[in-house]
Amino acid sequence: METRKTSRYLKYAIGEIILVVIGILIALQINNWNENRKDIAKEQQILLSLQEEFKQNIKELEFDHQINLGSINAIKTLLNFDENVDFETRTIDSLMGQAYNFATFDARLGVYNDISSSGSLELIRDPKLRYQLNQWTGELNDYKEDQIIRRNYWIHNMPSLVNKLLPIRNQDTFMDRKDYAREILTKPIQVPKSNYMEFLKSLEIDGMLFDYYMNQSFVTTNEESIMKFLKSTLKLIESNIDGD
C-alpha cells in the first residue's frame, strides 16, 4: 500500500517537474523570440540610416567628381594648347581657373562610425553586407592619400611658377561653384600677352602641369572606384531592408 502511494507521489512530482521545465523552456523561447524581434527592428533602423548616409555620399561624390573631371579636361587643354594660334588671354585665365578648381570628397561617416564603435554592426544578418561595410574606411584611405598629394603638389609648385607670369586673381572669376560662394569677386587685371606666351612655352610649367594632371588622374580614378563601392553597398543595404 505504502509502495503504491510512494510510486504515485513520485510520478506526480516528476510530472510537476516536467511541467515546470516545459514552462521555463517556453518562457525562454518567447524571450528569445522577443529579443530577436528587437534585434531585427534595430537592424532595420540601422539599415535605413545607412541607406540615407550612402545616398548622401553618392550625391556628394558625383558633384565633386564632375568638378575634378572639369579640372582634368582644363589641364589637358593647356598641355595641348597651340601658342602659335592667336588666343585671348582670358582663355588661359579660364583654363587655369578650371584647373585649380579641384574638389575634395569628404565622406559622411557619422552613422557608420556609430554602429561600428557600438558593435551594432553585428546586428546586420547578411554576412556579405557586413563584410562590405567593414571595407568602407579602407576604401577611403588610398583616396585620401591621393587627395593630399594632389593638394600639396599644387600648393608647393603652382605659386612659385605660375604667379610670376599670370595674375591668379583672374582665375577666381572662373571658379563658379555652389559650394564655394563668395560675396565679393576681385576685378581681373591685365598683364602683357607675352607673359601668357612665356607661360605656354615654359618646359618647367609644362612639367608642373603634367605632374598635376597625373595627380588629379589618380584622384578621379579612385573616385570612380569609390562610386562603384558606394553603389554596390547601397544595393546590398536596400536588399536587406524589409519591404524593399
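With sequence neighbours left out, the side chain to side chain contact (heavy atoms under 4.5 Å, CB included) criterion links Lys187 to no other residue. Under the salt bridge (Lys or Arg N to Asp or Glu O under 4.0 Å) criterion, Arg130 pairs with no residue, sequence neighbours left out. With sequence neighbours excluded, the residues that form a side chain to side chain donor-acceptor pair (under 3.5 Å) with Asp86 are Lys193. Residues passing the side chain to side chain donor-acceptor pair (under 3.5 Å) test with Asn222 are Asp146, sequence neighbours excluded. Every residue two or more places apart in sequence or in another chain that forms a ring pair (Phe, Tyr, Trp, His ring centres under 6.0 Å) with Phe87 is listed here: Phe81. By the side chain to side chain contact (heavy atoms under 4.5 Å, CB included) test, Glu62 is found to be paired with Ile58, Met227, Lys231, residues two or more places apart in sequence or in another chain being considered. In this structure Ser118 satisfies the side chain to side chain donor-acceptor pair (under 3.5 Å) test together with Ser120, sequence neighbours excluded. Here Ser232 pairs with Gln132 under the side chain to side chain donor-acceptor pair (under 3.5 Å) rule; sequence neighbours left out.
When every heavy atom of Pro188 is checked against every heavy atom of Asn170, the shortest pair comes out as CA-OD1, 3.2 Å. Residues Leu95 and Ala74 come closest through the heavy atom pair O-CB, 3.5 Å. Contact record, Asp93 with Gln171: O-CG, 3.7 Å, taken as the closest heavy-atom pair. Between Leu61 and Ile226 the shortest heavy-atom distance is CD2-CG2, 3.7 Å.
Ring planes of Phe54 and Trp136: tilted class, angle from 30 to 60°.
Distance check: Leu109 CG to Ser116 OG gives 10.0 Å after rounding to the nearest 0.5 Å. Taking OG of Ser202 as the start and CG of Asp206 as the end, the distance is 8.0 Å to the nearest 0.5 Å. Separation of atoms CG (Leu165) and CD (Glu198) is listed at 4.5 Å; rounding is to 0.5 Å. To the nearest 0.5 Å, the span separating NZ on Lys228 from OG1 on Thr233 amounts to 13.5 Å. Atom CZ of Phe102 and atom OG1 of Thr220 lie 13.5 Å apart (nearest 0.5 Å). Atom CG of Leu234 and atom CG of Leu50 lie 10.0 Å apart (nearest 0.5 Å).
Sorted by first then second residue, the salt bridge (charged side-chain N to carboxylate O under 4.0 Å, His left out) pairs that include residues 114-129, not counting sequence neighbours, are Glu43-Arg125. Identified under the salt bridge (charged side-chain N to carboxylate O under 4.0 Å, His left out) test for residues 148-170, with sequence neighbours left out: none.
With a 4.5 Å cut-off on side-chain heavy atoms, Ile168 and Met96 do not count as touching. Tyr196 places none of its side-chain heavy atoms less than 4.5 Å from the side chain of Thr91. Using a 4.5 Å heavy-atom threshold, the side chains of Thr104 and Asp64 count as separate. The side-chain heavy atoms of Thr77 and Asn80, taken from C-beta on, include no pair separated by under 4.5 Å. Side-chain contact check for Ser49 versus Glu53: every heavy-atom pair is 4.5 Å or farther apart. Between Asn101 and Ser71, every side-chain heavy-atom pair lies at or beyond the 4.5 Å cut-off. At a threshold of 4.5 Å between non-hydrogen side-chain atoms, the residues Glu238 and Leu47 do not count as touching.
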Return all side-chain donor-acceptor pairs below 3.5 angstrom for residues 138-145, not counting sequence neighbours, or 'none' if the list is empty.
residue : atom : partner : partner atom : Å
Tyr143  : OH   : Phe105  : N            : 3.4
Tyr143  : OH   : Gln147  : NE2          : 2.8
Tyr143  : OH   : Glu223  : OE2          : 2.8

Distance-only criterion, 3.5 Å: show the donor-acceptor pairs between side-chain atoms of residues 208-215 and protein atoms not counting sequence neighbours.
residue : atom : partner : partner atom : Å
Asp211  : OD2  : Tyr153  : OH           : 3.1
Tyr212  : OH   : Ala99   : O            : 3.0
Asn215  : ND2  : Asp211  : O            : 3.4

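Between the side chains of Gln56 and Glu52, at least one donor N or O sits under 3.5 Å from an acceptor N or O. If you check the side chains of Ser94 and Gln98, you find a donor sitting under 3.5 Å from an acceptor.
The hydrophobic cluster containing Trp154 does not contain Ile149, counting ILVMFWY residues as joined when their side-chain heavy atoms lie under 4.5 angstrom apart, directly or transitively. One hydrophobic cluster, built from ILVMFWY side chains closer than 4.5 Å, cannot hold both Phe218 and Phe229; they sit in different ones. Taking hydrophobic clusters as Ile, Leu, Val, Met, Phe, Trp and Tyr residues chained together by side-chain heavy-atom distances below 4.5 Å, Ile205 shares a cluster with Leu79. Both Leu200 and Tyr100 sit in one connected hydrophobic cluster of ILVMFWY residues. Membership requires side-chain heavy atoms under 4.5 Å apart, directly or through other members.
With a 6.0 Å radius and a threshold of 12 heavy atoms from other residues, nucleotides or ligands, Leu203 has its CG atom at or below the threshold.
Between the side chain of Asn73 and the main chain of Leu69, a donor-acceptor pair closer than 3.5 Å is present.
When each of Asn240, Val111, Ile241 is paired with Gln51, the side-chain contact (heavy atoms from CB on, under 4.5 Å) condition holds for Ile241 and for no other.
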